[in-house]
Amino acid sequence: LASLNAMLSAYAMNDELSQAKSMFQWMPVWNLISWNTLLRVLASSGSLAGARELLDTMPDHDLVAVTSMLTAYAQQGHLEEAKNIFDAIPDPDTVSWNAMLAAYAQNGHLSGAKKLFDSMPVRNLSSWNSMISVCGQLDDVFAAESIFHSMHSWDMVSLNALLTAYAQEGHLLKAEQLFEELPVTNLVSSTCMISLYGVNGLVEDAERVFYALPEVDMFTWSSMVSVYGMNGYQREAEAMFHEMPQQSLVSATVMITAYVQQGKLEKAKCVFDRMARHDPVSSSALLAGYVANGYTEQARKVFEEMPYRCKSSWNAMLSADAEKGDLLQAL
RNA sequence: CUGCUCGAGGGC
């Protein structure tokens, strides 16, 4: 059973939801770990409703299951739900506390994060790492450094959190210095540097980091395409986009944005139409392009076909209205 | 064998 569970877990890592589901059904017996693993697959695939339903039908809940659910809500931006789950846990362990801490941090509730951190009965490395990230989001590099230096032990995540804090505040030199001093880096550090170089117009530096990597992933690929795009290197962006072994919502959106910036709306539309699915971000990327160029009709069409409407989509639409003095018409 | 911390995309 343990080895079947391990296989199930491998599907979870690769986000292979349907494979995981059918494997689960074929398993002759299940234990709590099997259920928890399936829950995790559902949760990380973004299927909140499915995860919730599974949680309610599972024979038992333990802390692991509930914490997975908490994280799922947090990652979809449902901070209140996450907090409700946390509050209902009678005796949370450090991982659950950390999950709640991360929920605050990832949703921008930085004061909530600080408060929770202060009230934690036990903190571990993950807790401290989250706080470095919180300081980074507050643009308080000094506090991030202080935390880092006060830590008795640190790991790659701590270093990357600090690196990200530097990047966020635009401390190119500090980030560069840290990155170059590190004996070991990983894809997270490299992606951070690639996009930092990109926003500073240092395309060749970004390339140097990218091409030195022994292997790349979706994040590094997308960020390199983005660097090309935001610096007007349309052909390079295109080439890299098409060389990518796999596409994702993000990589396609990056490419759409690159075309939009060049005013190549037909090409942007073409990428958009080839996407397996759309989300509010990919739709608003194209929408913004139409709006900026006064194509109200096309903008409205994209808007109406959006998978679900959210506040951010309305913002793009409203700015179209303002520019055209055509408020109700655009909708 | 399962849960927590760091990196990529639009608008504001």
Side-chain angles (χ1 to χ4, degrees), chain A residues 1-10 12 31-41 43-44 62-72 74 92-103 105-106 123-134 136 155-165 167-168 185-196 198 216-227 229-230 248-258 260-261 279-289 291-292 310-320:
Chain A
L1 182 54
S3 51
L4 290 178
N5 284 339
M7 286 176 66
L8 191 59
S9 178
N31 62 12
L32 186 54
I33 293 178
S34 327
W35 286 96
N36 286 345
T37 305
L38 183 62
L39 179 68
R40 169 105 178 82
V41 179
S44 63
D62 62 359
L63 252 186
V64 173
V66 174
T67 305
S68 294
M69 199 65 227
L70 189 167
T71 297
D93 66 3
T94 306
V95 173
S96 306
W97 279 95
N98 284 341
M100 192 60 228
L101 178 62
Q106 290 161 359
R123 304 179 186 99
N124 66 13
L125 185 54
S126 295
S127 331
W128 288 98
N129 288 342
S130 286
M131 289 313 289
I132 295 179
S133 168
V134 165
D155 63 2
M156 210 48 225
V157 175
S158 329
L159 288 165
N160 287 335
L162 184 60
L163 187 67
T164 304
Q168 236 152 359
T185 61
N186 64 13
L187 286 178
V188 175
S189 350
S190 300
T191 306
C192 180
M193 287 312 294
I194 289 169
S195 52
L196 179 60
V216 293
D217 67 1
M218 290 302 303
F219 283 75
T220 32
W221 276 105
S222 301
S223 66
M224 198 61 223
V225 176
S226 170
V227 167
M230 76 176 76
S248 70
L249 271 174
V250 174
S251 62
T253 306
V254 166
M255 198 61 229
I256 289 171
T257 304
V260 162
Q261 283 185 355
D279 69 352
V281 177
S282 51
S283 298
S284 17
L286 182 61
L287 189 71
V291 166
C310 62
K311 245 193 336 200
S312 50
S313 354
W314 284 88
N315 285 337
M317 225 36 224
L318 290 173
S319 82

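Excluded from the calculations below are hydrogen atoms, water molecules and symmetry mates; all remaining heavy atoms, backbone and side chain alike, are included.
Residues A:Val157 and A:Asn160 form no side-chain contact, since every pair of their non-hydrogen atoms from C-beta on lies 4.5 Å or further apart. Using a 4.5 Å heavy-atom threshold, the side chains of A:Met230 and A:Thr257 count as separate.
Heavy atoms of A:Gln106 sit under 4.0 angstrom from primed sugar atoms or phosphate atoms, though from no base atom. Nucleic acid contact class of A:Ser96 (heavy atoms, under 4.0 Å, all strands): base. At a threshold of 4.0 angstrom between heavy atoms, the contacts of A:Ser222 include nucleobase atoms, whether or not backbone atoms are also involved. Contact annotation for A:Leu32: no contact, since no heavy-atom pair falls under 4.0 Å across all strands. At the heavy-atom level, A:Ser68 lies under 4.0 Å from the strands shown only through sugar-phosphate atoms. Contacts of A:Met218 with the nucleic acid, taken as non-hydrogen atoms under 4.0 Å apart, include base atoms. Note on A:Leu249: a base of the nucleic acid sits closer than 4.0 angstrom, heavy atoms only. At a threshold of 4.0 angstrom between heavy atoms, the contacts of A:Ser282 include nucleobase atoms, whether or not backbone atoms are also involved. Residue-level contact check: A:Val281 touches the bases, meaning some heavy atom is under 4.0 Å from a base atom. If you check every strand for non-hydrogen atoms under 4.0 Å, A:Leu63 touches a base. Nucleic acid contact for A:Ala6: sugar-phosphate only, since backbone atoms but no base atoms lie under 4.0 Å from a heavy atom of the residue. Contacts of A:Asp93 with the nucleic acid, taken as non-hydrogen atoms under 4.0 Å apart, include base atoms.
Computed from coordinates, the A:Asn186 CG to B:A8 P distance equals 13 Å when rounded to whole Å. A straight line from CG of A:Leu39 to P of B:C1 spans 19 Å, rounded to a whole angstrom. Taking atom CE of A:Met224 as the reference point, atom P of B:G7 lies 20 Å away to the nearest angstrom. Between the CZ atom of A:Arg123 and the P atom of B:U5 there is a distance of 18 Å, given to the nearest Å. Following rounding to the nearest Å, A:Leu196 (CG) and B:A8 (P) show an atom-to-atom distance of 11 Å. Remark: P of B:C4 and CD1 of A:Ile132 are 19 Å apart, rounded to the nearest angstrom. Following rounding to the nearest Å, A:Met69 (CE) and B:C4 (P) show an atom-to-atom distance of 13 Å. A straight line from CG of A:Leu1 to P of B:U2 spans 13 Å, rounded to a whole angstrom.
Looking only at distances, no side-chain donor or acceptor of A:Ser283 sits under 3.5 Å from a matching main-chain atom of A:Pro280. Proximity of a side-chain donor or acceptor of A:Thr253 to a complementary backbone N or O of A:Leu249 within less than 3.5 Å is detected. Remark: the backbone N or O of A:Ser127 is paired with a side-chain donor or acceptor of A:Asn124 at under 3.5 angstrom. Listed for the A:Asn98 side chain is no donor-acceptor partner under 3.5 Å among the backbone atoms of A:Leu101.
In the set B:U5, B:G10, B:C1, the nucleotide with an atom closest to the side chain of A:Ile33 is B:C1. The side chain of A:Phe219 lies closest to B:A8, out of B:U5, B:A8, B:C1. In the set B:G3, B:G7, B:C1, B:G7 carries the atom at the smallest distance from any side-chain atom of A:Val188. When each of B:U5, B:G10, B:G7 is scored by its nearest atom to the side-chain atoms of A:Ser130, the top-ranked nucleotide is B:U5. Considering only side-chain atoms of A:Asn98, the nucleotide from B:C1, B:A8, B:C4 that sits closest is B:C4. Ranking B:C4, B:G9, B:U5 by closeness to the A:Ala99 side chain, first place goes to B:C4. Checked against B:A8, B:G9, B:U2, the side chain of A:Ser9 finds its nearest nucleotide in B:U2. Nearest to the side chain of A:Val250, among B:C1, B:G9, B:G7, sits B:G9. When the nucleotides B:C6, B:G10, B:G3 are ranked by their closest atom to the side chain of A:Val95, B:G3 comes out on top. The side chain of A:Leu187 approaches B:G7 more closely than any other nucleotide in the set B:G9, B:C1, B:G7.
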>> Determine whether A:Asp217 and A:Thr220 satisfy the following criterion, side chain to side chain donor-acceptor pair (under 3.5 Å), listing intermediate values before the conclusion.
In response: CA-CA 5 Å; A:Asp217 67 1; A:Thr220 32; 2.9 Å; yes
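For A:Asp217 and B:G7, a side-chain-to-base donor-acceptor distance below 3.5 Å is present, hydrogens and geometry of angles not being considered. Under 3.5 Å, the side chain of A:Ser284 and the base of B:G11 form no donor-acceptor pair of N or O atoms. Counting distance only, with no hydrogens placed and no angle test, the side-chain atoms of A:Asp279 and the base atoms of B:G10 include no donor-acceptor pair under 3.5 Å.
The one candidate from A:Leu32, A:Ile33, A:Leu38, A:Asn36 that meets the side-chain contact (heavy atoms from CB on, under 4.5 Å) condition with A:Asn5 is A:Ile33.
OP1 or OP2 of B:C4 has at least one side-chain nitrogen or oxygen of A:Arg40 nearer than 4.0 Å.
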